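Throughout, a chain's letter reflects where its sequence line sits, starting with A, and its residues are numbered from 1. Just so it is clear, the model here is predicted, and its values are computed rather than measured.
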Number of protein chains: 2
Amino acid sequence: MTDHQPVRAADRTERIKGAALEVAREAGFAKLSIEAVAARAGVSKHTVYRRWPSRGLLFLDAVLSLNTAGLGHPDTGDIVADLRTVMTTATDLLGRPPWGPLYQDLIGEAQHDPEVAAALNQRFIAPQTADTLARLKRAMDQGQLAPDFDLDLAMEILSGPLYFRLLITQQPLTHAYIDRVLHAVFAGMSPRSQYDGRP
Amino acid sequence: MTDHQPVRAADRTERIKGAALEVAREAGFAKLSIEAVAARAGVSKHTVYRRWPSRGLLFLDAVLSLNTAGLGHPDTGDIVADLRTVMTTATDLLGRPPWGPLYQDLIGEAQHDPEVAAALNQRFIAPQTADTLARLKRAMDQGQLAPDFDLDLAMEILSGPLYFRLLITQQPLTHAYIDRVLHAVFAGMSPRSQYDGRP
DNA sequence: TGGGAAACAGCACGGGCCGTGTCGTGCTGT
DNA sequence: ACAGCACGACACGGCCCGTGCTGTTTCCCA
């Protein structure tokens, strides 16, 4: 009541994002048109276009407003346990229904639209990877990891196979699989070959 | 002349696929409409629809007709060298311009269209991963890898980070990076932590 | 407390592409 | 010569795009 300026504007913004999620869940991102979202939200098309320049960026906002909090890295002192916590949380949220398919669609859209790709990187991927790297760095400082451990590569080996399963082979992301990846990175693949390690 | 039945049909099929590649390269997959492809190919829309049910599957055929040969796994007796060969060949073809962006678009479309995802898996991903696994298995039989080496996980750790860079962070795929991944899998990440390897 | 600015809903428009239908033509094989 | 089929050309209703326009509601500030 006494709240003023952006109260109705913010309300409409939320209603539009909510309507976008509803439409996407019911009919898929392919059917997510500005017209459909506006109708669902009980809003004029202008009101949508005033806020987002394309359906891709609207969809990005809608998906990222889900629960991207709760994906921060804890620090219990055990790097592997902490990574397992954040990896299971993230995959449970973004790798399964109901939001998994939408996150999949979002990454798919990023492959077609450079603006979506840039915004997704800047607003979600980069902070998340930076957070992982910071946590790994802390573990190294605490002596849990060797000084020459390749932190960047470790982060990419922890993330890559999960995205590979989500996007390419479309297999389910189980906790057991996360444990296998963690084991590979922090206990080694034990190849025991004659490979001397030279590139 | 004396060749008959499918000669004109096959000619048109090739012209349509070629036109699809041209349009996609010039204007991006987003602008790839059946009408535009038909016009570019000098062909009626019916002729396109008679062959492909959607632009996604047409695009899949067009991209996969590029050079998917030449991606078979050699066997020189050195598993790491052979993997490096096929990985560099694959990323040079599908991870760089001019075909990299199109392969990216294709995977993006697979996130929206289950038929494209299934066809891409069946016709490219699955054969490719099966080939990699067969080569790894041969190396294990020859004693280059320990009997308990996790072949499936190794394949996914070799592929995952490359797709992560291609699709998520959109960094370039260099040969040096491939070497880092190979080194990690076949020489270990050397964490030297107190982690005991239990999941 | 009034008045001007801004945001809004509703409607309409031209345009692009969809997927399908129809018609007439040229090529294919018998 | 003839029947069949793939084809090119054109037209169609429909969906959604992005953008105008009008009149109304809401907000801010004087």
Side-chain angles (χ1 to χ4, degrees), chain A residues 1-62 105 108-109 112-116, chain B residues 1-62 105 108-109 112-116:
Chain A
M1 293 284 189
T2 53
D3 243 329
H4 305 315
Q5 225 155 6
V7 63
R8 287 169 39 83
D11 170 68
R12 275 178 173 74
T13 300
E14 289 310 309
R15 270 177 44 201
I16 294 169
K17 287 198 284 187
L21 286 179
E22 284 180 30
V23 172
R25 278 224 286 170
E26 293 172 12
F29 174 75
K31 297 278 185 184
L32 186 137
S33 64
I34 301 286
E35 292 211 354
V37 172
R40 174 68 63 105
V43 144
S44 161
K45 281 200 290 179
H46 273 298
T47 308
V48 180
Y49 280 111
R50 196 173 293 117
R51 288 166 169 76
W52 292 277
S54 69
R55 70 172 195 155
L57 291 174
L58 162 59
F59 187 57
L60 175 82
D61 260 0
D105 272 328
E109 186 62 11
H112 301 140
D113 186 337
E115 292 193 26
V116 173
Chain B
M1 292 285 186
T2 52
D3 244 328
H4 307 314
Q5 228 155 5
V7 64
R8 286 165 43 82
D11 171 66
R12 273 175 176 77
T13 300
E14 289 310 309
R15 270 177 44 201
I16 294 169
K17 288 199 284 187
L21 286 180
E22 284 181 31
V23 172
R25 278 223 287 172
E26 293 172 12
F29 174 74
K31 298 279 184 183
L32 186 136
S33 64
I34 301 286
E35 294 211 353
V37 172
R40 173 69 63 105
V43 145
S44 162
K45 281 201 289 179
H46 271 299
T47 307
V48 179
Y49 280 111
R50 198 173 292 119
R51 288 165 170 74
W52 292 277
S54 68
R55 69 170 194 156
L57 290 174
L58 161 59
F59 187 56
L60 174 82
D61 260 0
D105 272 328
E109 185 62 11
H112 301 139
D113 185 338
E115 292 193 25
V116 173

Using a 4.0 Å cut-off on protein heavy atoms (strictly under), produce a 5'-to-3' string for nucleotides 13-23 of chain D with B for base contact, S for backbone-only sugar-phosphate contact, and - for none.
---SBBBBB--
Intra- and inter-strand pairing of DNA chain C, written as dot-bracket with Watson-Crick and G-U pairs under 3.5 Å and | for the latter, reads ||||||||||||||||||||||||||||||
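Taken to the nearest 0.5 Å, the CG atom of A:Leu60 stands 11.0 Å off from the CD atom of A:Glu115. Atoms CD1 and OG1, from A:Ile34 and A:Thr47 in turn, are 11.5 Å apart once rounded to the nearest 0.5 Å. To the nearest 0.5 Å, atoms CG (B:Leu32) and CD (B:Glu22) are separated by 11.5 Å. For the atom pair CD1 of A:Ile16 and CG of A:Asp11, the computed distance is 9.5 Å after rounding to the nearest 0.5 Å. Here the CD atom belonging to A:Glu109 is positioned 9.5 Å from the CD atom belonging to B:Glu109, to the nearest 0.5 angstrom.
Minimum interatomic distance between B:Ala36 and B:Lys31 (heavy atoms only, all atoms of both residues): CB-O, 4.4 Å. Closest non-hydrogen pair, B:Ala62 versus B:Lys17, comes out as CB-O, 3.8 Å.
Tested against A:Phe59 for a side-chain contact (heavy atoms from CB on, under 4.5 Å), the candidates A:Asp105, A:Asp113, A:Val37 yield a single pass: A:Asp105.
Using a 4.0 Å cut-off, some side-chain N or O of A:Arg50 falls inside it from OP1 or OP2 of C:dC8. Side-chain N/O atoms of B:Thr47 include one lying less than 4.0 angstrom from OP1 or OP2 on D:dG8.
Judged purely by atom type and a 3.5 angstrom limit, A:Arg55 uses its side chain to pair as donor or acceptor with the backbone of A:Phe29.
Contact annotation: the side chain of A:Lys45 never approaches that of A:Val48 to less than 4.5 Å [non-hydrogen atoms, C-beta and beyond]. Residues A:Arg12 and A:Arg50 have side chains not in contact (no heavy-atom distance under 4.5 Å, counting atoms from C-beta outward).
Separating the CG atom of B:Asp11 from the C1' atom of D:dG8 is a distance of 15 Å, rounded to the nearest angstrom. Rounded to whole Å, atom C1' of C:dG19 lies 17 Å from atom CZ of B:Arg51. In this structure, B:Arg12 places its CZ atom 12 Å from P of D:dA6, rounding to the nearest Å.
DNA chain D is contacted by no residue of residues 15-30 of chain A, taking any non-hydrogen atom closer than 4.0 Å.
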